[in-house]
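Structure, as structure tokens:
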Amino acid sequence: MTSKNGWLSLAGLFWLEEGENGFGADESNTILFPGDRAPDFIGSFFLDNGQVTIRIKPDIKVLHGDTPVTEMILQDDEKGEPTVLTCGSLSWHVIKRDNRYGIRLKDSENPKIKEFKGIERFPVSKRWRIKAKYLPYDPPKNISIVNVLGKVSEEPSPGALKFKIYGKTYRLDSLGEPDDEELFIVFGDRTNGFETYGGGRFLYVKKPDKKGMTYVDFNKAYNPPCAFTEFATCPMPPSQNKLPVKITAGEKSYKDALH
């Protein structure tokens with residue numbers, strides 16, 4: 001969390017309009033970067049039918065690695081590793097969400113990094129490490145996932161996990177591909193909005209053994225990035241993954257998140 005490239009370094013998220021989007025600290029820009037960190041006029045982003053190009057003002061030092069940039073096409077995060085550019089303590093890259101393109105801005109000197117005091121957790125308990133049966137979907141199915149922006153995407157689900165809490169049977173749909181080494185779970189429970197983050201939590205579960213058995217260890221439940229910053233675009237738990245019980249294990253909410 002305190003790394004210079006971690007979630008606490010996020011300093012902005014700006015959605016691009018088709019055509020030219022000027023950026024810098026001056027208020028006349030379409031995209032406003034932090035005034036105490038950025039030059040008044042850095043350059044412009046150009047969005048043209050899904051392609052983002054950047055042009056930098058001649059007197060501004062923007063780098064791609066160690067190479068100065070004047071103009072280049074930027075790869076977004078959906079196509080693999082995005083193109084990351086830097087200017088002083090600021091760095092940015094293009095993200096794609098549905099059919100929208102945005103600029104994710106990070107600041108390695110963001111005050112939130114120094115202000116971070118850690119994350120409270122529930123006490124670790126063996127009773128929250130629960131044996132589970134893996135129920136593969138054949139073929140894998142897609143499930144609808146809504147993110148914090150209200151956008152819906154269809155994500156692959158290789159199977160579900162079935163387990164018992166206090167004698168009652170529950171199940172959680174996993175996300176990912178059948179050959180993934182771990183199953184990714186986005187889940188909610190009745191601690192959300194109280195002891196834990198209101199938008200649910202994330203959890204990875206080890207790949208099941210040959211008998212289809214594994215363990216759901218809720219002690220390892222952790223906060224999504226949106227618990228720490230308003231500039232993330234996290235998935236929310238699907239309705240079938242909202243457990244009607246309190247899961248008093250894993251990370252609690254981060255109380256200083258958006259202050």
Side-chain angles (χ1 to χ4, degrees), residues 1-113 145 147-151 153-156 175-177 180 184 202 224-226 228-235:
M1 292 302 300
T2 56
S3 73
K4 292 186 177 182
N5 197 41
W7 289 110
L8 290 175
S9 71
L10 288 192
L13 176 59
F14 311 96
W15 297 107
L16 298 174
E17 301 291 339
E18 196 75 14
E20 183 174 2
N21 300 259
F23 70 105
D26 190 90
E27 292 186 359
S28 66
N29 287 290
T30 304
I31 294 174
L32 292 179
F33 275 16
D36 58 342
R37 297 279 197 271
D40 288 342
F41 299 96
I42 301 176
S44 294
F45 298 102
F46 294 86
L47 176 60
D48 182 14
N49 292 320
Q51 179 174 285
V52 180
T53 303
I54 192 170
R55 294 177 191 164
I56 304 300
K57 299 287 186 182
D59 56 339
I60 301 299
K61 185 179 181 181
V62 170
L63 301 176
H64 178 226
D66 296 325
T67 305
V69 174
T70 55
E71 179 175 347
M72 70 181 302
I73 295 172
L74 305 181
Q75 179 171 286
D76 62 69
D77 63 348
E78 188 180 73
K79 298 172 183 174
E81 287 295 322
T83 306
V84 178
L85 303 182
T86 61
C87 180
S89 68
L90 301 178
S91 64
W92 61 87
H93 64 269
V94 180
I95 67 170
K96 183 182 180 184
R97 299 295 181 268
D98 298 314
N99 293 318
R100 301 177 73 190
Y101 294 84
I103 302 301
R104 172 165 281 167
L105 177 68
K106 296 184 177 183
D107 181 359
S108 63
E109 298 179 6
N110 194 329
K112 287 187 177 182
I113 297 174
I145 298 292
N147 66 22
V148 294
L149 303 175
K151 301 295 183 181
S153 61
E154 297 299 315
E155 301 295 333
L175 298 176
E177 302 295 340
D180 288 345
F184 179 54
F202 294 170
C226 290
F228 306 98
T229 175
E230 65 268 43
F231 302 127
T233 59
C234 309

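Heavy-atom basis, side chains included; hydrogens, waters and symmetry copies ignored. These numbers were taken from a predicted model, which means no experiment stands behind them.
Each of K96, R97, H93 was compared with D77 under the side chain to side chain donor-acceptor pair (under 3.5 Å) criterion, and only R97 meets it. Just one of I73, V94, L85 meets the side-chain contact (heavy atoms from CB on, under 4.5 Å) condition when paired with I54; it is L85.
Of the inter-residue distances, the one linking F14 atom CZ with L105 atom CG reads 5.5 Å to the nearest 0.5 angstrom. Rounding to the nearest 0.5 angstrom, the gap separating the OG1 atom in T233 from the CD1 atom in I95 is 5.0 Å. Taking CG of L90 as the reference point, atom CD of E109 lies at 8.5 Å (rounded to 0.5 Å). Rounding to the nearest 0.5 Å gives a distance of 8.0 Å between CG of L149 and SG of C226. Taking OG1 of T70 as the reference point, atom CD1 of I60 lies at 13.5 Å (rounded to 0.5 Å). Of the inter-residue distances, the one linking D98 atom CG with K151 atom NZ reads 6.0 Å to the nearest 0.5 angstrom.
When all heavy atoms of F228 and K112 are compared, the pair lying nearest together is O-NZ, 4.0 Å. Residues F202 and P224 share a closest heavy-atom pair of CZ-CB, 3.4 Å.
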(Q) side chain to side chain contact (heavy atoms under 4.5 Å, CB included), that's the test. Do I56 and I42 meet it? Break it down for me. (A) CA-CA 6 Å; I56 304 300; I42 301 176; 4.3 Å; yes
**Q.** Check against side chain to side chain donor-acceptor pair (under 3.5 Å), S89 and D107
**A.** CA-CA 5 Å; S89 68; D107 181 359; 2.8 Å; yes
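Ion pairing between R104 and D76 fails under the 4.0 Å rule for side-chain N and carboxylate O.
Side-chain N or O atoms of T2 include none that pairs as donor or acceptor with a backbone N or O of I113 at under 3.5 Å. Listed for the E177 side chain is no donor-acceptor partner under 3.5 Å among the backbone atoms of P156. Remark: the backbone N or O of S91 is not paired with any side-chain donor or acceptor of K106 at under 3.5 angstrom. Formation of a donor-acceptor pair under 3.5 Å by the S153 side chain with backbone atoms of E155 is not found in this model.
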Report, one line per pair, each donor and acceptor closer than 3.5 Å where one atom sits in a side chain of residues 16-30; sequence neighbours left out.
residue : atom : partner : partner atom : Å
E18     : OE2  : N49     : N            : 2.6
E20     : OE2  : S44     : OG           : 2.7
N21     : OD1  : E17     : N            : 3.0
N21     : ND2  : E17     : O            : 2.9
N21     : ND2  : G19     : O            : 3.1
N21     : ND2  : F45     : O            : 3.4
D26     : OD2  : S28     : N            : 2.9
D26     : OD2  : S28     : OG           : 2.6
N29     : OD1  : F23     : N            : 3.3
N29     : ND2  : D26     : O            : 2.9
N29     : ND2  : D40     : O            : 2.9

